[in-house]
**Q** 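What follows is a structure written as structure tokens; I'll ask about it next.
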Amino acid sequence: MNVLVIGANGKVGRHLVRLLGQNELHRVKALIRNRDQAEALERLGAETVIADLEGTVSEIAVAVKGSDAIVFTAGSGGKTGADKTLLIDLDGAVKAMEAAEQAGIRRFIMVSALHAEKREQWPESIKPYYVAKHYADRLLEASNLDYTILRPGGLTDEPGSGKVATGDHLGSHSISREDVAATVVAVLDERQTYQRAIDLVSGSTPIAEAVRQG
């Protein structure tokens, strides 16, 4: 599968590019905003293509063309304001969905956030981020794409364990970025995850088994 990663230069994105670059079943392309980011990602095994999520849908569609799947794991980051959160985490995500449809790409994986669908559980301190994730997820669910939405808990930089927990009643509220990336790889061609949103935290179940259980 030819997999295009949007947000490849982020912390989850770099883990994902590395894992896909090591996987004989997949080829990985990293969508980046500027050429300075290319060398490090190419060392991880990715082809790189330049496009800006604040550009046009048509420009993004050209960049993603030829891919079999798109993974959206981009984010404006914690140091920007609510304006950039709306432009990247919401409008950028929607542009990526529209670009996928324009380019004839059906498979789309969204890295969202735990409880993004539950307004009453949004942390006050980062509410604009949750608003963006909530509506991006809803628009993806209303699309014609073969989507999977992953809703990980708080992200850590701990080494991945290869084990997670999914479901509605999760004991933990955090997960390593490396395990999120590994879960993306696991769901790529797992048809049981199509048209589903999966809550995801650290746990004791091997990733491949956990994604089948949901």
Side-chain angles (χ1 to χ4, degrees), residues 3 5-23 26 28 30 44 69-79 85 88-90 93 107-134 136-138 140-141 147-190 192-214:
V3 184
V5 179
I6 299 177
N9 198 50
K11 291 184 178 181
V12 172
R14 283 182 177 245
H15 281 300
L16 180 56
V17 166
R18 174 180 54 81
L19 292 173
L20 289 169
Q22 296 169 351
N23 191 310
H26 303 300
V28 58
L44 294 175
I70 292 174
V71 179
F72 189 92
T73 184
S76 59
K79 296 180 181 179
T85 300
I88 301 301
D89 298 71
L90 177 52
R107 188 72 175 114
F108 196 104
I109 297 169
M110 174 73 78
V111 178
S112 181
L114 188 65
H115 304 317
E117 80 283 18
K118 299 174 182 176
R119 288 188 180 96
E120 66 278 7
Q121 296 193 38
W122 294 351
E124 195 66 35
S125 60
I126 52 172
K127 188 171 281 188
Y129 169 79
Y130 269 83
V131 170
K133 291 299 186 185
H134 176 84
D137 289 358
R138 284 178 62 170
L140 182 54
E141 289 169 336
Y147 69 84
T148 302
I149 298 169
L150 295 178
R151 293 181 175 141
L155 300 173
T156 75
D157 291 322
E158 297 296 317
S161 68
K163 296 181 178 181
V164 297
T166 61
D168 296 328
H169 305 288
L170 300 173
S172 170
H173 293 285
S174 65
I175 185 170
S176 76
R177 290 177 169 87
E178 187 172 16
D179 280 335
V180 174
T183 304
V184 171
V185 176
V187 304
L188 270 170
D189 50 11
E190 182 58 71
Q192 290 186 153
T193 69
Y194 285 20
Q195 274 67 50
R196 287 177 54 200
I198 301 172
D199 291 350
L200 186 69
V201 296
S202 61
S204 59
T205 305
I207 288 172
E209 181 182 343
V211 300
R212 287 193 294 270
Q213 294 174 355

**Q** Just verifying a value: how many Å separate Leu150 CG and Phe72 CZ, rounded to the nearest 0.5 Å?
**A** 14.0 Å

**Q** Nearest 0.5 angstrom please: Arg138 CZ to Leu90 CG, how far?
**A**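 Arg138 atom CZ to Leu90 atom CG measures 11.5 Å (nearest 0.5 Å).
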
**Q** With rounding to the nearest 0.5 Å, note down the distance linking OH in Tyr130 to NE2 in His115.
**A** 7.0 Å

**Q** How long is the gap from CG on Leu19 to NE2 on His26, to the nearest 0.5 Å?
**A**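 One finds 10.5 Å between CG of Leu19 and NE2 of His26.
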
**Q** In Å, rounded to the nearest 0.5 Å, how long is the span from CD1 of Ile198 to CD of Gln213?
**A**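 Ile198 atom CD1 to Gln213 atom CD measures 11.0 Å (nearest 0.5 Å).
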
**Q** Determine the minimum heavy-atom distance between Ser202 and Ile175, stating which atoms define it.
**A** N-CB, 3.7 Å

**Q** So how far is it from Ile207 CD1 to Asp179 CG, rounded to the nearest 0.5 Å?
**A** 4.5 Å

**Q** Indicate the atoms forming the closest heavy-atom contact of Ile88 with Ser76, along with that distance.
**A** CG2-N, 3.9 Å

**Q** Whether the side chain of Asp199 engages the backbone of Thr166 through a donor-acceptor N/O pair (distance < 3.5 Å, no angle test) should be reported.
**A** no

**Q** Shortest non-hydrogen contact from Ala197 to Glu141?
**A**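 The answer is CB-OE2, 4.4 Å.
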
**Q** Do you know which two heavy atoms are closest between Ala93 and Met110, and how far apart they sit?
**A** CB-CE, 3.8 Å

**Q** Working note: Glu178 + Arg18, criterion salt bridge (charged side-chain N to carboxylate O under 4.0 Å, His left out); need CA distance, chi angles, decisive distance, verdict.
**A** CA-CA 10 Å; Glu178 187 172 16; Arg18 174 180 54 81; 3.0 Å; yes

**Q** When you measure from the side chain of Thr193 to the backbone N and O of Thr148, does any donor-acceptor pair fall under 3.5 Å?
**A** no

**Q** What are the two closest non-hydrogen atoms of Ala69 and Leu188, and how far apart are they?
**A** CB-CD2, 4.0 Å

**Q** Indicate yes or no: at least one non-hydrogen side-chain atom of Val185 is less than 4.5 angstrom from one of Leu16.
**A**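 Counting from C-beta outward, Val185 and Leu16 do come under 4.5 Å.
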
**Q** Salt bridge (charged side-chain N to carboxylate O under 4.0 Å, His left out) for Lys127 and Glu124? Distances and angles first, verdict last.
**A** CA-CA 5 Å; Lys127 188 171 281 188; Glu124 195 66 35; 3.2 Å; yes

**Q** Where do Asp137 and Ala116 come nearest, in terms of heavy atoms and distance?
**A** OD2-CB, 3.9 Å

